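Just so you know, these numbers use all the heavy atoms, side chains as well, and skip hydrogens, waters and symmetry mates. Note that the structure is predicted; figures quoted are calculated from it, not measured.
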Amino acid sequence: MSLPQTNENTLAKRALHVLIIIVVLAFGACIFYLGYVQLGLGEEYRAKAEANQLRDSEISAERGVVYDRNGKELAKSASAWKIVIYPNKMADCKPAREIVIKKLSSVLKISEDTVRAKAEMSQYGNMVVKYRVEKDVREKMLEVLKQECYEDTNEKGQKVKYKFADFVGIENDVKRYYPYNSFASTVLGFTGTDDVGTGGLELQYNSILTGTPGRKITAVSGSGDSMPSEYETVVDAVQGTSLVTTLDETIQRYLEEGLDQSIKDTQAEYAYGIIMDVNTGAILAMSSKPDYDLNNPYEITSQTVRDHLDEITDERKRDEAETTAWFNQWKNRTISDTYEPGSVFKIITAAAALEENIWDLSKTYVCGGAIQVDDRRMHCSHREGHGTQTFSQAFANSCNPFFIQLGLDMGVDNFYKYFEAFGFTERTGIDLPSEQLGMYHSAESMKKTKVQLASSAFGQSFTVTPIQTITAVSAIANGGKLLKPYIVAKTLDPDGNIISETQPTVKRQVISENTAQIITGMMEDVVSTGTGQNAYVAGYRVAGKTGTSEILEEPGEYVASFACFAPADDPQIAMLIAVKKPVGEYYGSQIAAPVAADIMQKVMVYLNVEPKYTEEENAHVDRNADNVVGKSVEEAKQTLTNSGFNVRVIGSGETVVEQVPSSNQTISANGTVILYTEQNAEKQVTTVPDLTGMTVNQVYAAANQAGVNVSIVGNAASSSFISYKQDKEVNSKVYCGDTIVVYFKSTSSDAE
């Protein structure tokens, strides 16, 4: 018999059912959420757990080394440090975080906002605040880490003291370093704060120079402290690929010194130059001046530019001007600047005309000072005219009307064929960034008017790059082969093994060897009797061509240039020197040719190219004085006099105890040797005379009277050459017998 249903029983059952439903729903929700966390949020929570349990830091990799061709380090990575903070350890201690932020901002010279942005990333265990700090900053930070940072009270009421070392660390890093500062700066380029190449080889080869970073993974305790080393995993960084360049540190230094002196002498805006191995296309030296310090690339090196920036009061305009100044000083103008080649281009016009048999070498041309082309009267730089000339004479005199006639006789198709063949319509492909292409007339455009062809024939009305010019000139030197220029010879792995090696690339045979030899002979005449006499180098046959061109965008401003190679009978190197916007004299013959001569002489000696002196040259060649120490005064005087030297005796002794210059030092043929006859005698001092504005014989006489020696740079065998510069300041004091370098150049006013 069943009990009757009551209201109490019914309510109890309902409550039980509701409770069961609630429990089921609650457990179901929990199970669902656990599943969601496990499946949907598992990776996120796992990452957070690992972030709390592991500290993962990157080990910076060294970039590859950049060497010159003889193994000298031009760019390398050096030890540095990075400053890191531990945001997760500061998450629950905001007062300590603020103290850390202010301290790091002060010591590291960075803004508080920069530090705070990283310190507040509490989900991370390790954040880098500053990379590549130097030793002095590291030393300061080591002192900071020892200091107390913050004092707090824990849950048990106990005082807890924190040091900066609890929140800040120092880790190893690497920094790019350039041992020679500004040396080859526009070629090498530099790296930014992100270790990415900016300009030059650093940018061109960034992908292989950059190494592979390593990692250091350390287990941390619940309090965030590092666990013992057995819980540490390290993956070593791998150094990047190294580069062996074609640059020669010595030749590069000669080029840079010459360009620096050129800017100093002419107050020019820029000067740039290239020296190339004519047989391979390898770049031995390349420079644009003014340049900059690779270790401090944001420092403006030009005083003129700094003065201009100081005059700008508007902050926004000043920032823009400063940015422009940076890019201007970083620019490699030998590949990124374009200019009118001027008379240097006559080499190409002459080669094309000879190759096509347009003009017979025995045929003459009469220059009257100008030539009419359509409605344009085009003048020779020698306004009164050169008169009757052969091809070679017109080339040596750089006669504009002759080359205009040559271009017109050749016609557009022939001219353009060689313009293109010599590489002026294409980039050279050199392995450097930002190579530009000049502006030139198309064949169709030149056919519309003879004026364009006429002006192009003597190097005007179009632009080229210096690297195009030197590549074309090298084709004359090597028998007509156009080579691809390059600047990286080899790449090396971290162990020094060769990965790749660059082979010379011949693009095409532009002209015949016979034509190249004829043009070489004409270029020799330019230096021996023509407009390029200031490029004369005793003992070495220099073949060259001067050039002067007005800047298209800036009438009244000029680029003076000189292209050459040597020795003419067995060419080894080609050189281009260009000086932009010189003050005063602006002809290439007066400005660029003397610079090239000075550099060429040094390079020939450095490369051990044997000089071949003429009889006239031999009378002025520097040589070693005889060793007369230990001989009697009379015997010493006789020996030195027989060798052509002047003698000066100091002291009353009978035996020579010292001589100046010593026997292992060179001295000019008419030089003076000082003989000391007493031990510990005080060396005699003399005053440096003014040796400028004189002929060679006058310089010898004045130097002998002052008791000094001279070394002649320039044509000492020609009476038309006058001294214009000396390496020691007038009225300064030197020892008797010291050598003063005196520079000579032609007094001829021939233009080109």
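Side chains of Lys481 and Asn279: no donor on one and acceptor on the other come within 3.5 Å. Side-chain atoms of Ser512 and Thr515 include a donor-acceptor pair closer than 3.5 Å. For the residue pair Ser398/Thr531, the side-chain donor-acceptor check at 3.5 Å is not satisfied. Looking only at atom types and distance, the side chain of Thr491 has a donor-acceptor partner in the side chain of Ser500 under 3.5 Å away. Between the side chains of Glu435 and Thr428, at least one donor-acceptor pair of N or O atoms lies under 3.5 Å. Side-chain atoms of Arg63 and Thr210 include a donor-acceptor pair closer than 3.5 Å. Checked by atom type, the side-chain pair Tyr339/Thr469 shows a donor-acceptor distance below 3.5 Å.
Closest non-hydrogen pair, Leu255 versus Ile274, comes out as CD2-N, 4.3 Å. The shortest heavy-atom contact between Gly411 and Leu453 is C-CD2, 4.0 Å. Closest approach of Gly273 to Leu259, counting heavy atoms only: N-CD1, 3.7 Å. The two residues Ile335 and Pro433 come nearest to each other via the heavy atoms CD1-O, 3.2 Å. The shortest non-hydrogen separation linking Arg176 to Gly64 is NH2-O, 2.7 Å.
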Trace of the side chain to side chain contact (heavy atoms under 4.5 Å, CB included) decision for Met286 with Asn332
CA-CA 9 Å; Met286 174 182 278; Asn332 184 349; 3.4 Å; yes
Let me see the working for Lys289 and Asp260 under side chain to side chain contact (heavy atoms under 4.5 Å, CB included), right down to the final yes or no.
CA-CA 7 Å; Lys289 294 286 186 173; Asp260 280 332; 3.2 Å; yes
Give the C-alpha distance, both sets of side-chain angles, the deciding distance and a yes or no for ring-ring contact (aromatic ring centres under 6.0 Å, His included) between Phe395 and Phe402.
CA-CA 9 Å; Phe395 189 91; Phe402 173 78; 9.1 Å; no
Test side chain to side chain contact (heavy atoms under 4.5 Å, CB included) on Ile573 and Met604 and set out the steps.
CA-CA 9 Å; Ile573 65 166; Met604 289 289 100; 3.9 Å; yes
Steps toward salt bridge (Lys or Arg N to Asp or Glu O under 4.0 Å) verdict (Lys507, Glu426)
CA-CA 12 Å; Lys507 289 187 172 182; Glu426 62 185 5; 3.8 Å; yes
Are Arg541 and Val527 close enough, and set up right, to give a side chain to side chain contact (heavy atoms under 4.5 Å, CB included), and what steps lead you there?
CA-CA 9 Å; Arg541 292 165 57 183; Val527 175; over 6 Å; no
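Without hydrogens or angle criteria, Asn70 side chain to Lys72 main chain gives no donor-acceptor distance under 3.5 Å. Side chain of Tyr540 to main chain of Val609: a donor-acceptor pair is present (N/O by atom type, distance under 3.5 Å, no hydrogens or angles). Between the side chain of Gln452 and the main chain of Thr449, no donor-acceptor pair closer than 3.5 Å is present. No donor-acceptor pair closer than 3.5 Å links the side chain of Asp277 to the backbone N or O of Ala282. In this structure a side-chain-to-backbone donor-acceptor pair under 3.5 Å is present from Glu256 to Ala184. At least one donor-acceptor pair closer than 3.5 Å links the side chain of Asn534 to the backbone N or O of Ser589. In this structure, Asn295 contributes its side chain and Tyr178 its backbone to a donor-acceptor pair below 3.5 Å. The backbone N or O of Met439 lies less than 3.5 Å from a partner atom in the side chain of Thr463, making a donor-acceptor pair. Panel note: side chain Ser288, backbone Tyr272; no donor-acceptor pair is recorded below 3.5 Å. Checking side-chain atoms of Glu62 against main-chain N and O of Val238 turns up no donor-acceptor pair under 3.5 Å.
Relative orientation of the Trp326 and Trp330 rings is parallel, given thresholds of 30° and 60° on the angle between their planes. Taking the six-membered ring where tryptophan is involved, the planes of Tyr254 and Tyr606 are perpendicular, since the angle between them exceeds 60° and thus also 30°.
Using a cutoff of 4.0 Å between basic side-chain nitrogens and carboxylate oxygens, Arg333 and Glu269 are not scored as salt-bridged. Salt-bridge formation is detected for the pair Glu249/Arg253: a Lys NZ or Arg NE/NH1/NH2 atom is positioned less than 4.0 Å from an Asp or Glu carboxylate oxygen. In summary, Lys602 and Asp598 engage in a salt bridge, as defined by a charged side-chain N under 4.0 Å from a carboxylate O.
With rounding to the nearest 0.5 angstrom, the CD1 atom of Ile577 is 10.0 Å from the OG atom of Ser561. The line from OG of Ser336 to NZ of Lys331 is 6.0 Å long, rounded to the nearest 0.5 Å. Separation of atoms CE (Met523) and OG1 (Thr546) is listed at 10.0 Å; rounding is to 0.5 Å. Distance check: Ser549 OG to Tyr558 OH gives 9.5 Å after rounding to the nearest 0.5 Å. We find the OG1-CD1 distance between Thr334 and Ile283 to be 8.0 Å, quoted to the nearest 0.5 Å. Annotation: the span from Thr505 atom OG1 to Leu483 atom CG amounts to 8.0 Å, rounded to 0.5 Å.
For the pair Gln590/Thr266, no side-chain contact is recorded, criterion being any heavy-atom separation below 4.5 Å from C-beta on. Within the 4.5 Å cutoff, the side chain of Thr301 has heavy atoms near those of the Gln329 side chain. Looking at heavy atoms from C-beta onward, Ile487 lies out of side-chain contact with Gln204 at the 4.5 angstrom threshold. When side chains are defined from C-beta on, Ile498 counts as touching Leu492, because their heavy atoms get closer than 4.5 Å. Side-chain contact between Leu188 and Val66 is present, with heavy atoms from C-beta onward closer than 4.5 Å. With contacts defined as side-chain heavy-atom distances shorter than 4.5 Å, the pair Glu340/Val559 does not qualify. In this structure, the side chains of Met575 and Phe565 stay at 4.5 Å or more apart for every pair of heavy atoms. The shortest side-chain heavy-atom distance between Leu354 and Phe391 falls under the 4.5 Å cut-off.
Test Tyr418, Tyr416, Phe419 against Phe424 for ring-ring contact (aromatic ring centres under 6.0 Å, His included) and you get one pass: Phe419.
The neighbour count for Glu513 CD, taken as heavy atoms of other residues, nucleotides or ligands under 6.0 Å away, does not exceed 12. In Arg376, the CZ atom is not crowded: 12 or fewer heavy atoms of neighbouring residues, nucleotides or ligands sit closer than 6.0 Å.
Partners of Asp570 by salt bridge (charged side-chain N to carboxylate O under 4.0 Å, His left out), not counting sequence neighbours: none found.
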